[in-house]
Amino acid sequence: MKPILLTHATGVLANDVCNDLSILIEDGKIAAFDPASSVGAVEVDLRGRTLMPGMIDLHCDALEKEVEPRPGVHFPLDFACAQADKRNAAAGITTVFHALSFANHELGVRNNAFAADIARAIHGWQNHALVDNRVHARYEVTDETAPEVLSALLDEGVIHLLSFMDHSPGQGQFRDVEAYRQYLARTYKTDDAALDDILARKIEAAKGALQRMQALADQARAGNVAIASHDDDSPSKVASVDALGAVISEFPINLETAQAAQAHGLATLFGAPNILRGKSQSGNMRALDAVLTGVADCLCGDYSPAALLPSVMRLPELADITLPAAIALVTRNPAQAVGLMDRGEIAIGKRADLIAISNLGNLWQVERVWSNGKQTLSAHFDQR
């Protein structure tokens with residue numbers, strides 16, 4: 001692969017924005033800034049474009065919809081992985097953790113065997129991928145059957161992030177039974193009898209959840225797989241997942257819990273679509289309020305990876321923070337949270353995961369993407 005020289009870019013560095021920046025890429029890494037010599041390099045003029053690190057999405061549910069766009073309608077897994085890969089590249093996401101739910105009682109793609117097949121398909125597609133595709137396994141802790149499946153996937157090296165979620169009613173995202181029933185009814189289009197059965201089984205299975213979580217957490221830590229907790233709703237919940245070795249608190253539902261997570265050294269994660277829409281779909285803490293109060297460490301695409309870039313680019317105005325600080329929420333911070341120290345910022349020696357973006361009518365769009373130094377996407381937009 002020939003060296004690449006990116007010229008005349010407005011570069012977003014870790015703590016500064018540098019005008020008319022030139023960057024030399026060699027062997028997939030950032031080799032030099034404004035190099036004295038670049039003989040043999042392929043030049044790419046980025047005049048009028050902003051260059052930033054490729055985004056890192058720790059929690060993206062969108063692949064489930066690529067596999068099952070309608071209830072009971074399934075596409076071939078290689079096809080679904082290919083479509084999700086292209087969508088993430090077009091969104092400027094160069095490292096994506098596809099969030100797959102292992103929740104056998106919740107039907108569809110959240111059936112454990114089906115979710116395991118999707119996880120292996122992600123791993124298998126990577127040889128053809130435009131970006132770095134990884135697996136975020138979400139374990140519904142009231143499911144007694146998932147640990148055996150997850151343990152096998154951990155042994156195979158297919159899982160890159162493991163999170164614990166508890167959607168039983170009365171806590172977390174669903175603070176009452178009716179809210180949970182409505183969610184299941186909307187999502188799975190099932191009848192009252194089936195909903196009653198799911199709820200009864202969840203309540204009974206919750207009794208052995210902690211032991212199952214402990215066993216999986218021990219295995220994940222032994223394999224250097226990062227651990228997260230989902231929808232933490234109290235400081236005591238944060239303390240319990242911290243004891244399991246969690247390093248990320250996903251979607252803490254209120255300020256007190258988010259502050260507790262940071263106090264325990266957990267990185268907090270909120271959804272970027274929440275910023276674009278201005279509210280949480282569950283009525284919990286708004287992502288913008290988390291940024292404003294300083295308790296948001298990372299943002300994710302959640303159910304809409306395309307929302308990540310426009311949300312982040314609005315933050316300097318919405319939250320009165322610098323552009324590098326806003327960009328860090330989707331680059332350096334998530335990289336550090338899961339131990340990917342080779343990426344997440346424009347710095348010498350870092351992996352050349354980069355995106356060039358343009359502001360078109362106050363909407364930021366991705367024009368070029370480099371993944372590990374290779375250009376994997378190029379689009380042309382009329383700048384008028």
Distance-only polar pair, side chains of E144 and N104, donor-acceptor under 3.5 Å:
no
Looking only at non-hydrogen atoms, find the nearest pair between K237 and S229 and report the distance.
CE-OG, 4.1 Å
Does S234 have any side chain to side chain donor-acceptor pair (under 3.5 Å) partners at least two apart in sequence or in another chain, and if so, which?
S236
Of all the heavy-atom pairs spanning C300 and P273, show the shortest one and how long it is.
O-CD, 3.7 Å
Test of understanding: with salt bridge (Lys or Arg N to Asp or Glu O under 4.0 Å), list the residues that count as partners of D342, not counting sequence neighbours.
none
Could you go through residues 333-341 and list every donor-acceptor pair under 3.5 Å that involves a side-chain atom there, pairing it with any protein atom two or more places apart or in another chain?
from : atom 1 : to   : atom 2 : distance (Å)
N333 : ND2    : D297 : O      : 2.8

Given I355, which partner from the list R368, R49, M52 fulfils the side-chain contact (heavy atoms from CB on, under 4.5 Å) test?
M52
Specify the closest pair of heavy atoms between Y139 and R212, including all atoms of both residues, with the distance to one decimal.
OH-NE, 2.9 Å
Sidechain-backbone polar pair: E26 side chain, I30 backbone, donor-acceptor under 3.5 Å:
no
Using a 6.0 Å cut-off, check whether atom CD of Q83 has over 12 heavy atoms from anything other than its own residue.
yes
Those residues at least two apart in sequence (or on a different chain) that pass side chain to side chain contact (heavy atoms under 4.5 Å, CB included) with S249 are D232, P252, A261, L266
L269, L299: one ILVMFWY side-chain cluster at the under-4.5 Å cut-off?
no
Which heavy atom of A103 sits nearest a heavy atom of E140, and at what distance?
CB-CB, 3.5 Å
In terms of heavy-atom contacts, A89 and V369 come closest through O-CG2, 3.3 Å
So which heavy atom on D143 is nearest to which on F102, and how close?
OD2-O, 4.0 Å
Hey, are the side chains of V291 and L318 touching, using non-hydrogen atoms and a 4.5 Å cut-off?
no
Picking from I327, L363, N362, what satisfies side-chain contact (heavy atoms from CB on, under 4.5 Å) with M313?
I327
Residue list, side chain to side chain contact (heavy atoms under 4.5 Å, CB included) with T322, at least two apart or on another chain:
P324, A325
With ILVMFWY side chains joined below 4.5 Å, transitively, what does L24's cluster contain besides itself?
L5
Parallel, tilted or perpendicular for F251 and H230, by the 30°/60° rule?
perpendicular
